[in-house]
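The residues of the chain are indexed from 1 along the displayed sequence.
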Amino acid sequence: MAQINVIGQNGGRQIDLELPEVNVGVLHDVVTWQLASRRRGTASTKTRAQVARTGKKMFAQKGTGNARHGDRTVPTFVGGGVAFGPKPRSYGFTLPRKVRQLGLAMALADRQQTGKLIAVDGFGLDGKTKGFVAWAAQNGMDGTEKVLIVTDDVQARQAARNVPWVSVLPVAGINAYDILRHDRLVIDAAALEVADEEGEAQA
């Protein structure tokens with residue numbers, strides 16, 4: 001059972017959160033699934049049938065000293081078709097919902113174990129970047145680490161979005177990949193409490 005201290009205007013308490021043991025294989029599967037789903041898959045080349053070239057035989061079969069050819073569209077010629085080239089496709093694949101949820105929980109567990117998870121109840125910011133920088137400095141964030149802010153507090157997101165070492169997401173957008181590619185996670189305490197209640201309900 002992980003105990004997470006809550007800071008902020010309404011802080012001063014702890015959240016007891018049941019987090020799984022970190023499994024690198026599961027995290028790899030979840031991150032691979034996320035990145036595969038983001039790939040556009042729009043690369044496309046033309047086959048022999050699609051290039052604009054004449055179908056007329058280029059020169060006589062014999063007597064010219066050249067290799068025998070009958071078509072300008074073959075891949076060996078400049079302007080010819082591409083053999084086995086890419087076509088528009090989807091790189092996405094399905095991953096069980098429970099595995100996706102487990103990967104997110106493991107990403108949270110990893111940040112909690114390394115002391116890089118901060119739960120906040122009430123940022124108390126006015127939407128100004130200067131105010132966020134001061135708040136971050138008070139809580140041990142000075143720009144030497146990449147920080148992910150996950151909150152539904154619009155003023156906090158507005159205050160943090162222009163800071164170069166900070167990324168912001170609403171609670172609904174939280175995901176394993178973004179957690180793992182940042183050094184520190186700052187999240188709404190309410191989001192962790194809801195996750196704990198859902199976990200208890202499923203148990």
Side-chain angles (χ1 to χ4, degrees), residues 1-24 26-31 33-34 95 97-203:
M1 181 72 72
Q3 292 185 330
I4 302 169
N5 293 322
V6 180
I7 65 171
Q9 290 180 318
N10 305 313
R13 65 183 190 277
Q14 280 190 338
I15 299 174
D16 294 326
L17 190 60
E18 191 70 44
L19 293 173
E21 184 178 347
V22 177
N23 184 309
V24 176
V26 173
L27 287 175
H28 179 271
D29 288 344
V30 172
V31 170
W33 166 77
Q34 273 191 247
L95 196 66
R97 182 171 60 89
K98 287 188 176 181
V99 176
R100 301 199 302 265
Q101 292 174 336
L102 183 61
L104 177 57
M106 286 181 179
L108 290 172
D110 181 72
R111 289 296 172 263
Q112 189 275 329
Q113 289 172 8
T114 56
K116 301 295 185 180
L117 174 59
I118 299 176
V120 182
D121 189 354
F123 284 86
L125 298 174
D126 59 0
K128 301 294 184 181
T129 301
K130 183 178 179 180
F132 172 80
V133 172
W135 179 91
Q138 292 173 1
N139 291 282
M141 291 170 277
D142 57 3
T144 57
E145 296 177 315
K146 292 174 63 179
V147 179
L148 176 64
I149 309 289
V150 180
T151 178
D152 285 334
D153 185 331
V154 177
Q155 295 279 43
R157 292 209 307 264
Q158 181 177 333
R161 66 187 180 185
N162 286 331
V163 180
W165 43 271
V166 175
S167 301
V168 296
L169 284 175
V171 171
I174 188 172
N175 62 86
Y177 174 65
D178 281 321
I179 292 174
L180 294 174
R181 73 187 186 93
H182 290 80
D183 302 307
R184 187 180 293 268
L185 172 63
V186 179
I187 187 171
D188 279 351
L192 295 179
E193 290 168 341
V194 168
D196 188 38
E197 292 171 1
E198 290 177 350
E200 291 176 355
Q202 290 176 0

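Residues forming a salt bridge (Lys or Arg N to Asp or Glu O under 4.0 Å) with D121 (at least two apart in sequence, or on another chain): R13. Listed by chain and number, the residues in a side chain to side chain contact (heavy atoms under 4.5 Å, CB included) with A2 are L19, Q112 (sequence neighbours excluded). Among residues two or more places apart in sequence or in another chain, the ring-ring contact (aromatic ring centres under 6.0 Å, His included) test is passed with F123 by W135. For V22, the side chain to side chain contact (heavy atoms under 4.5 Å, CB included) partners two or more places apart in sequence, or in a different chain, are L27, A109, D110, Q113.
Looking at M141 and I118, their side chains come closer than 4.5 Å, going by heavy atoms from C-beta outward. Under the 4.5 Å side-chain criterion, counting only non-hydrogen atoms from C-beta, T151 is in contact with R157.
For the atom pair CG (L17) and CG (L192), the distance works out to 6.0 Å, reported to the nearest 0.5 Å. The distance from the CD atom of Q155 to the NZ atom of K128 is 9.5 Å, given to the nearest 0.5 Å. The distance from atom CG of D29 to atom CZ of R100, rounded to the nearest 0.5 Å, is 13.0 Å. Between I187 atom CD1 and R111 atom CZ the span is 12.5 Å, to the nearest 0.5 Å.
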Name each donor-acceptor pair under 3.5 Å that joins a side chain in residues 169-180 to protein atoms two or more places apart or in another chain, with its distance.
from : atom 1 : to   : atom 2 : distance (Å)
N175 : OD1    : Q34  : NE2    : 3.0
N175 : OD1    : Y177 : N      : 3.3
N175 : OD1    : D178 : N      : 2.8
N175 : ND2    : G173 : O      : 3.0
N175 : ND2    : D178 : OD2    : 2.8
D178 : OD1    : R181 : NE     : 2.7
D178 : OD1    : R181 : NH2    : 3.2

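Screening residues 141-175 for ring-ring contact (aromatic ring centres under 6.0 Å, His included) gives no qualifying pairs among residues at least two apart or on separate chains.
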